[in-house]
Structures are given as C-alpha cells and as structure tokens.
Amino acid sequence: MEKSYLFAGSGGQGVQTLGVLVAHASNEEGHFTTFLPAYGGEMRGGTSNCTIKMADEEIGSPEEKLYDNVIVLNKPSYDRFKGRVKKGGNLFINTALIEDAQADGVNIISINLSEAAKEAGSDKALNIVMYGLVLAHTKDISLENAEKVLNDKLGKKEQFRAVNKKAFDIGVNASK
Amino acid sequence: MDVVYKRSGALSDVSTTYCPGCSHGTAFKLIAEISEELDIVNKLVFATPIGCTTFSAPFHKFSTFMSAHGRAPANATGFKRCNPKRPVIVYQGDGDCAAIGTGESIHAAARGEAFTVVMANNQVYGMTGGQMAPTTLTGQKTTTTPNGRSVEVTGYPIRMAEQIAQLEAPRFVTRQSLHTPKNILQAKAAIKKALELQINEGAYSFVELLCACPTNWGIDPSGIKEYIEKNVIPYFPLGDLKG
Amino acid sequence: MAKKELWKGNEAMSETALRAGCRFFSGYPITPQTPITEYLAWRLAEVDGVFIQAESELAAATMLLGASIAGTRALTATAGPGLSLMTESLSCLASGRLPAVIVDVQRGGAATGNLQGAQSDYNMVTKTLGHGGLKGLVYGPSTVEELCDIIYDAWDKAEKYRTPVFILSDASLGQMMEPVDIKPFKQLDESRFDLPYVIGREQSEKKVIQDTPYAGPYNTMSENLDYNYRKYNEVYEKWKEDEVLYEEYMMDDAEYVIIGWGMAARISKSAIRNLRKKGIKVGMIRPISLFPLPEKPLNALDAKKIKGVLVVEMAIPALFYYDVKAQIDKNIPIKANLHCGGYLSQVDEIEEDIMKMAGGK
C-alpha cells in the first residue's frame with residue numbers, strides 16, 4: 001500500500017493544519033508517513049500546499065507527479081493542481097469557491113465548505129470538515145484514529161472540541 | 001632589604017620578541033601584575049587576536065586561546081558563556097577590533113558579555129608591516145597610504161572607545177596611554193577596575209590603550225612620548241568615557 | 001515499542017541534539033534553517049544550556065570554538081550564504097582539532113539562491129573545511145530518523161577524533177515530517193573538562209589552545225605544521241577504515257546501480273521499486289558518510305555483472321558524480337541525473353534514465 005495526498009488552499013484556510021492532521025492520523029494508523037509542506041517563498045504566493053504519503057513500507061520520494069487524492073480549497077489551487085490527480089483518483093473540491101469543476105477520469109467529490117463550517121458553528125472549521133470527508137472517503141485511516149488525532153492535536157479547549165467534532169461529523173456524513 | 005619592584009611572577013622567564021619601543025610588553029606587564037594582585041593567575045584566560053600579540057602566549061602564564069582575525073570577541077563569547085567562572089581578557093589590536101572584527105566587537109559589547117576587551121591602538125597594522133589601520137591618523141604615512149592618509153580617499157580614523165561607550169551594556173569604557181610612567185599607572189588602574197567589574201559583577205568593559213609602534217611609524221623609540229602627545233592624543237583624547 | 005512520533009526534521013534533530021548533550025547553540029536566522037534556531041532558543045533554556053542569536057554566521061560559527069574550548073557540546077546550523085561565512089571557523093575548528101557539530105540545511109542555488117532543497121554544498125564541505133585543506137566527518141542523511149541517529153552520535157565521534165562533524169541536511173528534509181523515536185538523554189562525564197583542548201571550569205595550569213598547531217618537536221612553524229597535519233591525515237585515513245557508513249538497497253541481483261545520497265537517494269528508492277515491478281534489476285548504493293566516502297562498495301562493482309551506474313544528485317554542475325566516477329570500474333557505463341536550485345530529483349526521470357540504459361522503453 002502506498003497512497004499520496006496533495007492539499008492546497010489559501011493561507012488562511014488552515015490547509016497546513018489539515019495536512020498535519022492527516023499525517024498524524026496516518027502515523028496513528030501505523031503507516032509509514034511523510035508530510036512535506038511547500039515553504040518559504042511559495043508560501044507567500046496564491047496557494048499554500050503540502051503533500052502526504054502513507055505506506056506500509058519505507059517511503060522514498062515524499063512528493064509525486066500525480067496523486068491518489070488532491071484536495072483543493074480555493075480556485076487558484078484548483079487551477080494549479082486539478083491536473084495532478086492520478087487516473088481514477090479523487091479530486092476533493094470546495095464548491096463555495098470553485099464552480100463548475102471538471103476533470104476527466106477522476107472522481108470529483110464536492111462539498112460547500114462555507115456552508116458546512118457555518119453549520120458546525122465556526123467559519124474556521126472548514127478544514128476540519130474536509131478532514132472528515134477525505135478520511136471517510138479514502139478509508140486509508142480508521143475514523144476512530146482520525147477522531148483521536150483531532151482531539152489530541154486540537155482538543156485542548158472545550159469549545160473548540162465541540163465545534164471540531166461537529167465539523168468532523170459533517171464531513172464524514174457528507175461522504176455517504 | 002625591602003623589595004620595591006620585581007618582575008611579575010605571572011610573566012614567563014623569557015624576553016618578549018617585540019621591537020624596541022613597542023608597548024605590548026608594557027601592557028602584558030600590567031595585566032600580569034594585576035592578575036597577581038587579584039590572585040587570578042591560574043584563572044585568567046587570555047584571548048589573543050591576529051596581530052603582533054598572536055604569539056604572546058610564551059610571555060605569560062595565563063591559559064590562552066587563539067582566534068581568527070577579528071573574531072576574538074565571538075570566540076570569547078562562546079567560552080565565557082559556557083565557563084562563567086573564568087575571568088577573560090580579550091586583547092586585540094586596532095585592526096582586529098575596529099576593522100575586520102567591528103561586528104564582533106560591537107555586538108559582544110552590546111550583549112554585555114562578561115569579559116574585558118583591551119584594544120591596543122597604535123594606528124598601524126604592525127604584524128603585516130605597517131599598513132593603514134582603522135585608527136591611522138589623517139596624513140599619516142603607511143605602506144598603503146604612501147602619501148599620507150587622505151580623508152577624501154580613506155575617510156577618517158575610528159575612535160573605537162567612543163563607539164563602544166554609546167552602547168547601553170558596557171559598564172566601563174576608557175582610553176588610556178602607555179607613553180609615560182604616570183599614564184602607565186593610570187592605565188593599570190583602569191585595567192584593574194575593568195577586571196574587578198568583570199569578576200564581581202559580570203560586566204563588560206573596554207580599555208583602549210594608546211600604544212607605540214616606532215618601527216612602523218618610522219621614528220626613533222626616543223621620540224615616542226613627543227609623537228603621541230603631539231599627534232595621537234589630540235585625535236584620541238584620554239580619559240573615561242563611561243563608568 | 002512505543003509508537004513513533006511525527007516530527008519535522010529540523011525540530012527532531014534539534015531535540016535529539018539536546019539529548020545527545022548539546023548545551024550550546026549559536027546561530028543566525030536563515031531559511032530553511034531558522035526553525036532550528038527558534039526551537040533551541042526556548043528548549044536550551046529549559047536545560048540550562050546556552051543559546052545565542054549571533055550577529056552573523058561568521059560570529060555564530062566562531063562562538064563554537066569558544067564553547068568547545070570550554071568543554072561544552074556545541075552546535076550551529078546554517079544554509080546557503082551562511083555556510084560561506086562560516087568557512088573561516090570551519091577551518092579553525094579543523095585545524096585546532098576542536099569538536100563541534102555544524103548542520104547545513106542546504107538550499108537551492110548559489111548566491112542568495114532560493115529556499116528549496118538542494119545538494120550543492122557537497123564539495124564545499126567534503127573536500128576541505130574552509131581554507132587550508134583539512135577535513136571533518138561529513139554525513140548526508142536521507143530521512144528524519146537518520147538525521148536524528150547521526151546527530152545523536154555526532155559529538156561522541158567529534159570528541160573521539162577531536163574533529164568538527166558536519167551534517168548535510170536540506171530544505172526538504174528539514175521541513176518534512178516523518179515518524180521518529182526521540183532518543184533518551186545522554187549523561188556526560190565530568191572528565192570532559194580535563195580533555196586536552198579544554199580550559200577547565202574554575203582554574204587550571206596554563207593551557208594554550210591554538211587553532212593552528214604550531215607546537216611540535218621541531219624549531220620552525222613549517223616543520224611543525226607539516227608534522228602535525230601529517231598526523232591529522234593519519235586520522236582521516238583511519239576514518240576510511242572505521243567510519244564509513246552506507247546502505248545497500250536491492251543490490252543482491254542488481255544489474256543497474258543508482259548511487260546517490262540524502263534526499264536524491266530516497267527519491268531514487270521510489271524509482272527502484274517501480275523499475276523492479278517492470279522486471280528491471282536495479283539496486284542502490286547510498287553513502288551516508290560523505291567524508292569518508294564509502295569507496296570499497298563502489299570499487300567492488302563488477303563490470304561483468306553491472307551494466308550501468310546512474311548517479312542521482314541535486315547539484316548542477318555535478319559534484320558527487322565525479323567522486324563516484326573516480327571509484328567505479330572504467331568498463332561500467334556511468335551517467336548522471338541532475339537537478340539543482342531547489343528542483344528535487346524526479347522519480348519518472350530516474351526511471352527513464354535506467355530504462356534507456358537497459359535499452360528499452
């Protein structure tokens with residue numbers, strides 16, 4: 001097993017946090033894991049992005065030409081990375097900012113993150129909605145481990161824990 | 001019979017190799033006497049620069065470490081932070097302290113590192129044979145200012161003690177001279193005060209010493225006193241600048 | 001065994017350095033090294049260590065000498081132009097035979113360059129540390145865990161041989177998160193303050209620590225330097241026997257061999273797995289110690305068995321490639337796959353190069 005993920009969005013959308021959460025969940029699951037952020041000058045451009053690989057053997061390259069899963073949270077990220085999905089792979093899009101997404105030979109999984117985050121109780125929780133959706137859809141990580149990591153990493157304050165749990169559940173349910 | 005004067009026991013039983021009239025030997029003698037008076041001969045650490053004092057270790061009994069040109073204050077920072085109980089003298093020439101090592105000098109002073117810098121200001125690069133230093137006087141002939149230092153081409157000499165005195169952390173900043181017995185005694189009192197501040201209060205201090213280099217000045221050693229009074233002190237006035 | 005924790009390379013390395021006994025860090029912020037400086041700023045304070053944000057890399061590296069002379073395990077880290085500034089002190093450390101550890105989180109390009117990973121500082125530290133032609137141990141890890149393994153033992157080696165130890169990380173390894181076991185704290189012996197290059201805690205008999213070894217059995221400086229550096233060279237030669245580190249990967253039946261180090265090597269592993277699935281018998285020799293270079297496994301490649309060697313390196317012009325080429329049987333075809341300036345090695349291009357060597361497509 002070797003799976004690759006590319007996450008992209010604008011700086012304020014919490015895309016690095018999303019990637020780090022998935023990486024920790026992968027480690028929790030017992031996978032070999034790499035998380036490689038785009039850093040430095042690239043971080044100050046239109047998009048912030050990071051790549052994750054998880055595997056049952058030692059990981060070679062931490063990045064890929066094409067990914068099993070590409071998750072884009074805004075339009076510039078969609079434009080830049082929509083062509084980086086493997087044939088038969090998944091393209092997760094935020095329909096609040098990306099309209100009329102099209103990609104051949106690729107599964108498009110759509111969610112309006114603005115609405116979902118509002119429903120969860122915080123505009124900032126959009127990355128947690130996507131976290132739930134992605135992991136529930138790909139099944140590379142058990143939802144139990146995904147939720148444990150969410151609590152371990154972001155659950156120190158009671159009020160955030162409740163919002164995050166709701167956002168996570170909305171994401172998970174959206175995959176059904 | 002009363003002993004009224006003797007060679008300091010902190011000096012080695014060898015002669016220095018410095019030129020006739022050179023002030024380094026006098027400066028070492030003062031540091032040696034002070035180290036005995038403060039009972040720190042086995043504690044004092046001498047950080048040497050690049051210049052005529054690079055090879056000074058055989059002349060005294062202090063533990064010594066060498067540094068690259070200009071870097072002694074940085075080297076001493078690393079040492080003293082890890083070894084705070086050892087008093088440290090960073091002995092530098094003017095080229096070392098105020099040209100190639102300006103950054104290290106200013107920042108060690110700004111941090112208030114717990115050591116004492118003694119800067120020998122003789123207005124030339126002595127070891128390399130008399131080139132222009134950051135302290136070379138206007139009009140002074142050196143091998144790299146053969147027609148005399150011109151301010152249009154090379155700017156003005158740097159008064160390092162004044163630069164250091166502007167900083168907050170240094171506790172004691174002074175300029176002294178070694179050209180008369182009276183000045184030598186005053187210089188000794190200043191170095192002793194600086195070391196005591198270091199040992200007792202962990203303070204940074206800076207002692208600039210006007211030194212003679214008759215070889216590279218092209219004068220007879222007998223003319224040093226007149227040369228310093230007439231040419232050097234007017235630009236580099238003596239006295240305490242801070243503390 | 002406890003589950004490994006996910007750490008960023010720079011931070012895992014910093015924590016491991018501390019646990020290896022490092023109690024002094026001086027550094028100057030430069031991307032992508034800055035997280036090391038930031039981490040140790042708070043972490044060293046927790047263990048009564050010394051942290052100094054220096055005024056320049058020139059000063060930062062010089063401070064290592066003083067800390068080392070005080071008997072403290074000392075570290076600095078830098079990248080790109082900072083390494084150029086540090087070379088003066090590297091020369092002094094090597095010449096004074098003062099133990100210290102230096103990490104270069106390599107970034108792309110010469111001059112200011114960019115902030116992405118590269119391997120183009122290879123020659124600068126494996127050939128000689130600064131001016132004067134002396135050496136230090138140099139390592140090129142390829143995973144966060146290996147980076148930690150190397151720094152954990154770095155001061156033990158530095159003190160054993162009285163040498164600077166240099167670690168070539170890079171921007172991608174420094175920023176990347178991977179699972180690691182963070183190691184336990186090492187307990188250091190007080191006898192370290194009596195070491196010959198250490199000026200002790202309270203007071204001591206006179207010790208003279210020279211960054212150039214003028215002392216020796218002869219009357220002239222040149223005779224003594226010749227004598228002392230000859231002895232240094234004996235130590236370097238001994239490293240070729242005792243301190244060589246490398247990994248052989250899928251080499252048992254290999255007909256094609258990829259040779260690379262650090263990030264380029266781990267990227268090549270992906271290519272090797274893909275090629276194996278296509279039936280191409282390809283393996284890898286991955287030097288971990290870059291000085292000493294593992295010469296023996298390279299010399300041992302048999303022209304009757306090996307049909308081609310591909311050196312994968314993130315440097316243009318090639319640097320490591322020529323060191324490999326000098327060790328390989330002249331009858332084995334050798335090619336280089338190069339990228340630079342923050343452009344990481346690419347799996348598909350490596351596969352393509354091997355396929356071309358194998359005469360297929």
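The analysis underlying the following values was restricted to heavy atoms, covering all of them including side chains, and did not include hydrogens, waters or symmetry mates. In the text below, chain A, chain B and the rest are named by the order of the sequence lines, each starting its count at 1.
When heavy atoms are compared at a cutoff of 4.5 Å, B:F46 does not approach chain C at all. For B:A76, no part sits under 4.5 Å from any heavy atom of chain C, backbone or side chain. At a 4.5 Å heavy-atom cutoff, the contact between C:E88 and chain B is made by side-chain atoms alone. Of the two parts of B:T48, neither the backbone nor the side chain holds a non-hydrogen atom closer than 4.5 Å to a non-hydrogen atom of chain C. Residue contact with chain C, scored on non-hydrogen atoms closer than 4.5 Å, is absent for B:P84. Neither the backbone nor the side chain of C:F193 has a heavy atom closer than 4.5 Å to any heavy atom of chain B.
For NZ of C:K231, the number of neighbouring non-hydrogen atoms (other residues, nucleotides, ligands) closer than 6.0 Å is 12 at most. By the 6.0 Å contact criterion, CG on B:N200 is enclosed, its count of non-hydrogen atoms from other residues, nucleotides or ligands being greater than 12. Applying the 6.0 Å contact sphere to CD of C:E46 captures more than 12 heavy atoms from other residues, nucleotides or ligands. Under a cut-off of 6.0 angstrom, the local environment of CZ in C:F291 is crowded, with over 12 non-hydrogen atoms contributed by other residues, nucleotides or ligands. Counting non-hydrogen atoms of neighbouring residues, nucleotides and ligands closer than 6.0 angstrom, the NZ atom of B:K43 reaches no more than 12 such neighbours. No more than 12 heavy atoms of other residues, nucleotides or ligands lie within 6.0 Å of CZ in C:R230, so this atom counts as exposed by the packing criterion. Around the CD atom of B:E201, the shell of radius 6.0 Å holds more than 12 heavy atoms that belong to other residues, nucleotides or ligands.
Here C:T212 contributes atom OG1 and B:I50 contributes atom CD1; the two are 7.0 Å apart, rounded to the nearest 0.5 Å. Atoms CZ and CG, from B:F79 and C:L65 in turn, are 12.5 Å apart once rounded to the nearest 0.5 Å.
The minimum heavy-atom distance linking C:I52 with B:T77 is given by the pair CD1-CG2, 3.5 Å. Here the closest heavy-atom approach between residue B:S67 and residue C:D211 is recorded as C-OD2, 3.7 Å.
Between B:T64 and C:I209 there is no side-chain heavy-atom pair separated by less than 4.5 Å. Within the 4.5 Å cutoff, the side chain of C:F51 has no heavy atoms near those of the B:R81 side chain. Using a 4.5 Å heavy-atom threshold, the side chains of C:R201 and B:N83 count as touching. Looking only at side-chain heavy atoms (C-beta outward), B:E104 and C:E55 come within less than 4.5 Å of each other.
Top candidate by heavy-atom pairs under 4.5 Å with chain B, chosen from C:S89, C:S56, C:A59, is C:A59. For the set C:G66, C:A67, C:A60, C:S26, the count of heavy-atom pairs under 4.5 angstrom toward chain B peaks at C:G66. In terms of non-hydrogen atom pairs under 4.5 Å with chain B, the most contact-rich of C:G200, C:A61, C:A74, C:G71 is C:G200. Taking B:A68, B:A47, B:G101 one by one and counting their heavy-atom pairs under 4.5 Å with chain C, the maximum is reached by B:A68. Ranking B:P87, B:A108, B:A74 against chain C, the residue ahead of the rest is B:A74, based on heavy-atom pairs under 4.5 Å.
A distance-only check finds no donor-acceptor pair linking the side chain of B:N42 to the backbone of C:Q203 [under 3.5 Å]. C:K206 places a side-chain N or O within donor-acceptor distance of the main-chain N or O of B:H60, the cut-off being under 3.5 Å.
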(request) Decide yes or no on side chain to side chain contact (heavy atoms under 4.5 Å, CB included) for B:N75 and C:M63, but give the supporting numbers first. (result) CA-CA 5 Å; B:N75 200 338; C:M63 289 174 189; over 6 Å; no

(request) Begin with the C-alpha distance, continue with both residues' side-chain angles, and end with the deciding distance and a verdict on side chain to side chain contact (heavy atoms under 4.5 Å, CB included) for C:V208 and B:M66. (result) CA-CA 8 Å; C:V208 179; B:M66 294 169 61; 5.7 Å; no

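Checking C:S204 against B:R86 by side-chain atom types alone, a donor-acceptor pair falls below 3.5 Å.
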